[in-house]
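Worksheet for the structure shown next.
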Amino acid sequence: MSTFPVTRLRRLRRTGALRSLVRETRLDVADFVYPFFVAPGPLGNDPLPALSRVTVEQLVAEAEECASLGISALLLFGIPEEKDEQGSGAWDADGIVQQALRAVRERVPQLVLVTDVCLCEYTSHGHCGVLDGEEVANDETLELLARTAVSHVEAGADAVAPSDMMDGRVGALRAALDDAGFEATPILSYAAKYASAFYGPFREAADSAPAFGDRRGYQMDPANVREALRECELDLAEGADLLMVKPALPNLDVIRAVRERFDLPIAAYNVSGEYAMIKTAGAAGWMDERAAAVESLTAIKRAGADVIVSYWAKELAQWL
Ligand code: PBG
C-alpha cells in the first residue's frame, strides 16, 4: 500500500462535486417514516413542533402533504379520550387510531400506514401491559396486543409495529393476524427497544408516562448488546419481517451488530429526545439544526439502518 506523499486522501475532498461523487451514504426521503399522534383534540402545550397532536381531520391533510413530499410511510400513535386499567381503547373498532386509519386509507392510498401496537397510551397506569399487582403481566398482555393489531389491520393498517417489549408478542401477533386472514400483513418489530431516558418528549405528547415505577422490567438495559441480538433472533423466529433498534443515536453499535447478523430490513427509531436535543440547541443558536440533523440521520443510515423513523422526515424532505 502506498503512503504519503503518493497517497493524499485530501484529493477527493477538494470540491463539492468530488465529495459528492465518492459519498458512501446518501439520505433518501423514501427511507423515512414520519410519526403522528392522533388525538380527539390538541394538547395545548405541545412539547415540540413535530410532536404535536393532530385530529383525524388534520392527519388527513398532513398525510397528503407527506405523500407529496415523497415520504413512504407514517407511524401512527393514538391518544384515546378515556383510559382504563386494561387499555381497551387500543382495540376499539371505533378507537382513535382505527378512525384515523380509515380516513387516511381512503384519501391517501399510496402511503404505507404503520401502527404502533402498545397499551401505554391507553392504560390509566401508563404501563405497556396489564398489571398483576405492580408487575406487568406478560402472557395476559399478549392477547390484548394481538386484538389491537388485528383491529388496526381491519381498519386499514399496512403493517403493525409492536413496541411493548413483552416476550412472545411477535408470535402472538403473527398467529392472530394469520387467523384473521391477514397473513400478508408484515410485522415491524421494535426488537431491541431500550429503557431509555430519550423518550421524554414523546411521553408528554402521548401522555404515556408510567404512573409508578419505570419500564426497566420489560424494556432492555442500555448496557447490553448481545441481549439485543437474542431479542432479534427470537423475533425473527416468531415471524418478524423487519427489526427495529430504538433509540438510534445512543445505539449505533447495536444497529451495526444487527445489520451484520441479520438479512432482514433493519429500521431505527430516531426518538423524541434525540430530536429535542438538536431542535432546542438549534433554537438557542448553539448548533445548526439542519446540519446536525442531517449528520445524525446519515450516521444512522451508515450504521446500517434501511428504514428510519424520524420527526425530521418532513423537514428533511424539504432540505434534500
Ligand atoms: C411505546 C413507545 C414509546 C415510544 C414509541 N413507542 C415510549 C415508551 O416506550 O415509553 C418512544 C418514541 C419517542 O421517544 O420518540 N408505545
Side-chain angles (χ1 to χ4, degrees), residues 35-47 51-59 75-103 113-157 160-170 172-173 175-177 179-180 187 190 193 195 199-219 272:
F36 278 105
F37 303 89
V38 199
L43 181 61
N45 57 335
D46 294 314
L51 282 127
S52 311
R53 294 179 180 185
V54 291
T55 60
V56 171
E57 264 319 287
Q58 290 168 322
L59 177 67
L75 177 61
L76 302 181
F77 295 90
I79 299 105
E81 200 120 35
E82 310 245 338
K83 301 179 189 242
D84 58 30
E85 281 279 308
Q86 299 252 307
S88 63
W91 59 86
D92 180 350
D94 208 27
I96 187 80
V97 163
Q98 291 81 355
Q99 288 177 35
L101 285 163
R102 283 191 289 267
L113 301 180
V114 185
T115 56
D116 184 87
V117 174
C118 192
L119 301 182
C120 66
E121 298 105 60
Y122 302 89
T123 52
S124 43
H125 46 75
H127 278 289
C128 302
V130 283
L131 298 180
D132 178 10
E134 299 236 315
E135 292 264 338
V136 174
N138 192 90
D139 300 11
E140 290 77 355
T141 299
L142 297 182
E143 202 238 318
L144 306 180
L145 293 168
R147 232 191 269 180
T148 303
V150 169
S151 85
H152 287 173
V153 181
E154 281 170 345
V160 288
S163 69
D164 52 283
M165 289 302 278
M166 297 301 121
D167 286 321
R169 79 266 166 79
V170 173
L173 261 59
L177 290 171
D179 269 353
I187 297 176
Y190 285 73
K193 177 175 176 179
Y199 306 149
F202 170 97
R203 290 185 187 168
E204 208 163 309
D207 187 24
S208 67
F212 65 88
D214 53 47
R215 304 209 200 289
R216 285 182 290 185
Y218 39 105
Q219 298 180 349
S272 60

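A quick note: this is a predicted structure, and the numbers were derived from the prediction, not measured. Excluded from the calculations below are hydrogen atoms, water molecules and symmetry mates; all remaining heavy atoms, backbone and side chain alike, are included.
- Lys193 and Tyr199 get closest at one heavy-atom pair: CG-OH, 3.5 Å.
- Separating the NZ atom in Lys83 from the OG1 atom in Thr123 is a distance of 7.0 Å, to the nearest 0.5 Å.
- Considering all non-hydrogen atoms of both residues, Val97 and Phe77 come closest at CG2-C, 3.8 Å.
- In this structure, Gln219 contributes its side chain and Met165 its backbone to no donor-acceptor pair below 3.5 Å.
- In terms of modelled atom types and a separation under 3.5 Å, the side chain of Arg53 and the main chain of Gly41 share no donor-acceptor contact.
- Taking all atoms of both residues into account, the shortest heavy-atom contact from Arg215 to Cys120 is NH2-CB, 3.8 Å.
- We find the CG-CE distance between Leu142 and Met166 to be 8.0 Å, quoted to the nearest 0.5 Å.
- Ser124 approaches Glu85 most closely through the heavy-atom pair OG-N, 3.3 Å.
- Looking only at distances, a side-chain donor or acceptor of His127 sits under 3.5 Å from a matching main-chain atom of Phe212.
- Shown here is Asp84, whose CG atom has more than 12 heavy atoms of other residues, nucleotides or ligands within 6.0 Å.
- In terms of modelled atom types and a separation under 3.5 Å, the side chain of Arg169 and the main chain of Pro162 share a donor-acceptor contact.
- Note that CD of Gln86 and OG1 of Thr141 are 9.0 Å apart. Values are rounded to the nearest 0.5 Å.
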